[in-house]
Protein chains: 2
Amino acid sequence: MTAPLSATGRVILGMIARGKRSGYEIKQLVDRSTRYFWAASYGQIYPELRRLEEAGLVRGRSDPSGARAKMAYELTEEGAAALRDWLTDATGLTYELRDEAMLKLFFSDLEPGTALETVGAMRTLHEAKREQLRAIRAAAPEMPAGPALTLELGLGLTSWLVDWCRATEERLARESHVKVEV
Amino acid sequence: MTAPLSATGRVILGMIARGKRSGYEIKQLVDRSTRYFWAASYGQIYPELRRLEEAGLVRGRSDPSGARAKMAYELTEEGAAALRDWLTDATGLTYELRDEAMLKLFFSDLEPGTALETVGAMRTLHEAKREQLRAIRAAAPEMPAGPALTLELGLGLTSWLVDWCRATEERLARESHVKVEV
DNA sequence: AGGTGCATGTAACAGGTTACATGATTAA
DNA sequence: TTAATCATGTAACCTGTTACATGCACCT
């Protein structure tokens, strides 16, 4: 029965378990991997590292390169146990989405003609995300099973979204065309 | 050039434009429609309604039913213009996701055997969401074009996710089976 | 000499949730 | 009578972002 992990604490512990040991390195890795479904900023990471240390889940020692300060964190026994507990428990998974494009789409009939443009903007966004994910995959052909799974899921999801947008754009264009013609 | 709309202000203005006029009604409608991609709580709605009124975007008057207090809000000219401006502008669309299931999946290789369970929990969640969306569609066969579009998108998306989870569960089960057998 | 990257950190703010308090109305 | 629903509202809290400050190291 270890203490429950805070939201940001989860990513931090996981990243430290993967071998990344400074706040800076954790941020780098988050930005290249989980950021699409779980972001973290310095403003969260550094204070949280301190809290985790106070709670005894990580242990940090100074590991400077020359005169440049650097902290090297590693998991304690308790930290490894907390990470295991969290990974083993599949209940109460948070899921939060805030998608302004969908909100605009929801209200699109209030301002006729905006639906097509909104879906177009939505497609552009997801296309960009898909390209970024492809670049990540290309840059690291070998990766652990977990990251590989989420990358595959992200790629599939964005691809589905791009296709939906394209199909919907065609349909909306056809409908407005028919309306004009008849 | 009207003032930019705050996050919650967007939903509120849209819902008022759809005819919902009290904070309570707005919350009800949000919970039955946009909540899957854009939530709102009373703690946001009531203060925001006041701010919108101070900014001159909505106008509220008391409209009690008997001795039960009730406020009826409607859009002002400025409010309608702000809503139009927002709907017409397809740039800078916020998109934020926080999906703990995907995060656990990302770290699943740190604790062998958890991937299958995590994907299973993920599927259960999306199946439930899909059922809720189906219930909404069944309860309101006639709906405006905007809500119909987002409902269709939500249903398609959750269905794709459920299918991906199912396929991945099969694959993971097969792989672990092979591992045991060889 | 200057720009980029490594590295740490914080203060101010923004946005949102939860829990609570209050009270009327309606249906069982 | 009592539970559910209608209806408003706030205070405390949590979580997270943005912008800034600081300084070393390395490359050109």
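All values reported here derive from a predicted model rather than from experimental measurement. Labels below follow one simple rule: chain letters A, B, ... track the order of the sequence lines, proteins then strands, and each chain is numbered from 1.
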Visitor: Look at Tyr46(A) and dT8(C) and indicate whether a side-chain polar atom (N or O) is within less than 4.0 Å of OP1 or OP2.
Guide: yes

Visitor: In whole angstrom, what separates Glu53(B)'s CD from dG9(D)'s C1'?
Guide: 15 Å

Visitor: Write down the distance between OH (Tyr42(B)) and C1' (dG16(C)), rounded to a whole number of angstrom.
Guide: 16 Å

Visitor: Would you say Arg68(A) reaches dC26(D)'s phosphate, i.e. side-chain N/O to OP1/OP2 under 4.0 Å?
Guide: no

Visitor: Looking at side-chain heavy atoms only, is the closest gap between Arg123(A) and Trp164(A) below 4.5 Å?
Guide: no

Visitor: Can a salt bridge be assigned to the pair Glu131(B) and Arg134(B) using a cut-off of 4.0 Å between side-chain N and carboxylate O?
Guide: yes

Visitor: Could you check whether Gly23(A) gets within reach of a base, just the sugar-phosphate, or nothing at all, counting any heavy atom under 4.0 Å?
Guide: sugar-phosphate

Visitor: Hey, which sits more toward the 5' end of DNA chain D by its nearest nucleotide, Arg50(B) or Ala40(A)?
Guide: Arg50(B)

Visitor: Using a 4.0 Å heavy-atom cut-off, does Thr8(B) contact any base of the nucleic acid, only the sugar-phosphate backbone, or nothing at all?
Guide: sugar-phosphate

Visitor: Touch check for Ser22(B), heavy atoms < 4.0 angstrom, all strands: base, sugar-phosphate only, or nothing?
Guide: sugar-phosphate

Visitor: Taking NZ from Lys27(A) and C1' from dC6(C), how many angstroms apart are they, rounded to a whole number?
Guide: 14 Å

Visitor: Locate the shortest heavy-atom distance separating Ala121(B) from Ala90(A); write the atom from each residue and the value.
Guide: CB-O, 3.5 Å

Visitor: What is the distance, rounded to the nearest whole Å, between atom CH2 of Trp38(A) and atom P of dG16(D)?
Guide: 7 Å

Visitor: Nearest 0.5 Å please: distance from the CD atom of Glu127(A) over to the OG1 atom of Thr158(A).
Guide: 10.0 Å

Visitor: Please give, in whole Å, the distance from dT8(D) P to Lys20(B) NZ?
Guide: 13 Å

Visitor: Please determine, for the side chain of Lys70(B), which listed nucleotide (dG16(D), dG15(C), dA7(D)) has the closest atom?
Guide: dA7(D)

Visitor: Closer to the 5' end of DNA chain D via nearest nucleotide, is it Arg21(B) or Ala67(A)?
Guide: Arg21(B)

Visitor: Are Tyr24(B) and dC6(D) close enough that a side-chain N or O sits under 4.0 Å from OP1 or OP2?
Guide: yes

Visitor: Between Gly66(B) and Ser41(B), which has a closest nucleotide on DNA chain C that is more 5'?
Guide: Ser41(B)

Visitor: Just the rounded figure in Å: distance from P of dT10(D) to CD of Glu48(B).
Guide: 13 Å

Visitor: For the pair made of CD1 in Ile45(B) and P in dG16(C), what is the distance, rounded to whole Å?
Guide: 11 Å

Visitor: Atom CG of Leu49(B) and atom P of dT10(D): how far apart are they, to the nearest Å?
Guide: 11 Å

Visitor: Give the cluster check for Leu97(A) versus Leu93(A): same hydrophobic cluster or not, with ILVMFWY residues linked at side-chain heavy-atom distances below 4.5 Å.
Guide: no

